[in-house]
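Before any comments, here is the structure.
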Amino acid sequence: MKTLDDLLSEGVAGRRVLLRADLNVPLDGDKITDDGRIRAVLPTLNALREAGARVTVMSHLGRPKGAPDPKYTLAPVAARLGELLGAPVAFGDSGEGDVTLLENLRFNAGETSKDEGERKAFAQELAAHGDVYVDDAFGAVHRKHASVYDVAALLPHYSGYLVAKELEVLSKLTGVGERPYVVVLGGSKVSDKLAVIEALLPKVDKLLIGGGMCFTFLKAQGHEVGKSLLQDEMVDTCKDLLQRGAGKIVLPTDVVTATEISDEAATKTVGIAEIPAGELGLDIGPQSVSEFAGILAGAKTVFWNGPMGVFEKRPFEAGTRGVAEAITKVDGFTVVGGGDSAAAVRALGIPEDGFSHISTGGGASLEFLEGKALPGITALEV
């Protein structure tokens, strides 16, 4: 795979570089609530600008239905990108200036189309904006989309600094690094994490499970879980995993429950055998946080993906905060697996430099750790 450093050594002064970034930031109206993904592409973008390239940046935002939708315009992103660069960013197809940001790729149905011809036709439109292609959108490399997969076949192609860094970091988690190796998984559904559990279970020393997915495991142990999130069809799978992962898989011993998900919810902290019939489990409890922290304290390699509870609501943030803080104290290699986990770190004000690496790709990181071929990476390797 050719890298950005290879491109820079070839020389880019005056050349047009088409840069795929992942600028899919959370918005509240037209206000960006977390600009982490914009900041993540700055090293690559600045290196290209300083070397004299004219850069056209492209990204998706949200899930519009293949047609323009003002709710998903990248205009606020262009404004923020300009602020961070300290330089004007042209927006749309004008192509005037050193840096241009194209409008949301998913406003064109060809970006995500399953029809190869339609996807390639859109890729040709995009390729017309550049002489070379750089992919720095790790959060999108698991998608076989026009801007990620097909454009790479049309132009000389290189990986950006972010993509190279992500691959380097995640590769350390697939092999046998320093032990003990502890993985912390949360989030809502077991089905979303099943493949990564299967892939990592033979390699880890401990697998700590929280979030909504823990209730399907607790049900598999014979506990009643009230109105908590439950995937009935996954109970037998969880029984099998618990048997195979005996001594490795660690579940919460207490949970925080309530009848509603709100900032004003009245909560109870109960043992896993006492979850009230009419209540939802919405966070792991303090005893579980303490037990998880105790295991993490001795770890040398940690991968965390998925919050421990509904951290967006104040009564249910303590579990995620406690586990995140415990990971920052680990004397070893610690990786936050993108997505909601990265959002939680920022929302809860946990210092980002407390972790060795915060991935920008939730789904992409998981699929890489599952051992799947990622279309965007395969395209760069050709």
Side-chain angles (χ1 to χ4, degrees), residues 1-24 37-38 40-61 74 77-78 81 89-95 97-108 110-113 116-167 360-361 364 373-382:
M1 186 189 300
K2 285 192 172 181
T3 66
L4 182 61
D5 284 336
D6 292 324
L7 174 59
L8 295 174
S9 67
E10 290 167 19
V12 291
R15 297 174 78 185
R16 300 177 308 146
V17 177
L18 183 60
L19 173 63
R20 177 56 160 102
D22 179 10
L23 307 178
N24 184 26
R37 283 180 172 161
I38 304 175
V41 78
L42 293 179
T44 290
L45 187 48
N46 279 323
L48 288 166
R49 288 177 66 231
E50 287 162 15
R54 290 177 60 202
V55 187
T56 296
V57 185
M58 54 181 178
S59 177
H60 71 285
L61 177 69
L74 277 166
V77 175
L81 183 59
V89 172
F91 181 58
D93 286 321
S94 66
D98 293 336
V99 181
T100 300
L101 175 62
L102 300 179
E103 181 56 284
N104 193 337
L105 292 164
R106 292 186 184 175
F107 284 1
N108 188 307
E111 166 67 359
T112 60
S113 179
E116 204 165 301
E118 186 179 13
R119 222 176 48 236
K120 285 185 173 177
F122 183 48
Q124 285 174 330
E125 285 181 40
L126 296 172
H129 291 281
D131 303 313
V132 297
Y133 168 74
V134 174
D135 189 351
D136 212 27
F138 183 74
V141 293
H142 59 316
R143 305 293 188 198
K144 196 173 185 178
H145 290 170
S147 65
V148 175
Y149 182 77
D150 300 277
V151 170
L154 302 173
L155 294 171
H157 43 269
Y158 306 80
S159 63
Y161 287 144
L162 179 62
V163 164
K165 173 73 170 172
E166 294 275 11
L167 293 176
T360 55
L374 305 180
I377 300 303
T378 304
L380 293 175
E381 290 171 337
V382 176

>> Just to verify, which of Val132, Thr56, Thr44 counts as forming a side chain to side chain contact (heavy atoms under 4.5 Å, CB included) with Leu19?
In response: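 Only one of Val132, Thr56, Thr44 forms a side chain to side chain contact (heavy atoms under 4.5 Å, CB included) with Leu19, namely Thr44.
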
> Tell me, which pairs form a salt bridge (Lys or Arg N to Asp or Glu O under 4.0 Å) where one or both residues lie in residues 151-167, sequence neighbours left out?
Replying inline: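 Sorted result for residues 151-167: empty, none.
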
Any donor-acceptor N/O pair, [X] side chain to [Y] backbone, under 3.5 Å:
{"X": "Ser9", "Y": "Asp6", "answer": "yes"}
{"X": "Glu111", "Y": "Ser147", "answer": "yes"}
{"X": "His157", "Y": "Val382", "answer": "yes"}
{"X": "Arg37", "Y": "Asn24", "answer": "yes"}
{"X": "Asp22", "Y": "Ala140", "answer": "no"}
{"X": "Asp98", "Y": "Val55", "answer": "no"}

> With sequence neighbours excluded, what pairs up with Pro43 under the side-chain contact (heavy atoms from CB on, under 4.5 Å) test?
Replying inline: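 Counting only residues at least two positions away or on another chain, Pro43 forms a side-chain contact (heavy atoms from CB on, under 4.5 Å) with Tyr161.
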
>> Run the side-chain contact (heavy atoms from CB on, under 4.5 Å) test against Leu154 and tell me which residues pass, sequence neighbours left out.
In response: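 Leu154 satisfies side-chain contact (heavy atoms from CB on, under 4.5 Å) with Ala123, Gln124, Ala127 only.
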
> Do Leu48 and Leu4 come within less than 4.5 Å of each other through their side chains, counting heavy atoms only?
Replying inline: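 Contact flag for Leu48/Leu4 side chains = yes.
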
>> For Tyr158, is the OH atom crowded, meaning more than 12 foreign heavy atoms sit under 6.0 Å from it?
In response: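 Yes, the 6.0 Å shell around OH holds more than 12 heavy atoms from other groups.
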
Mind checking what makes salt bridge (charged side-chain N to carboxylate O under 4.0 Å, His left out) contact with [X], not counting sequence neighbours?
{"X": "Arg119", "value": "Asp150"}
{"X": "Glu125", "value": "none"}
{"X": "Glu381", "value": "none"}

> side-chain hydrogen bond (donor to acceptor under 3.5 Å, both in side chains) with Asp131: which of Arg15, Arg16, Arg54?
Replying inline: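 Among Arg15, Arg16, Arg54, the one meeting side-chain hydrogen bond (donor to acceptor under 3.5 Å, both in side chains) with Asp131 is Arg16.
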
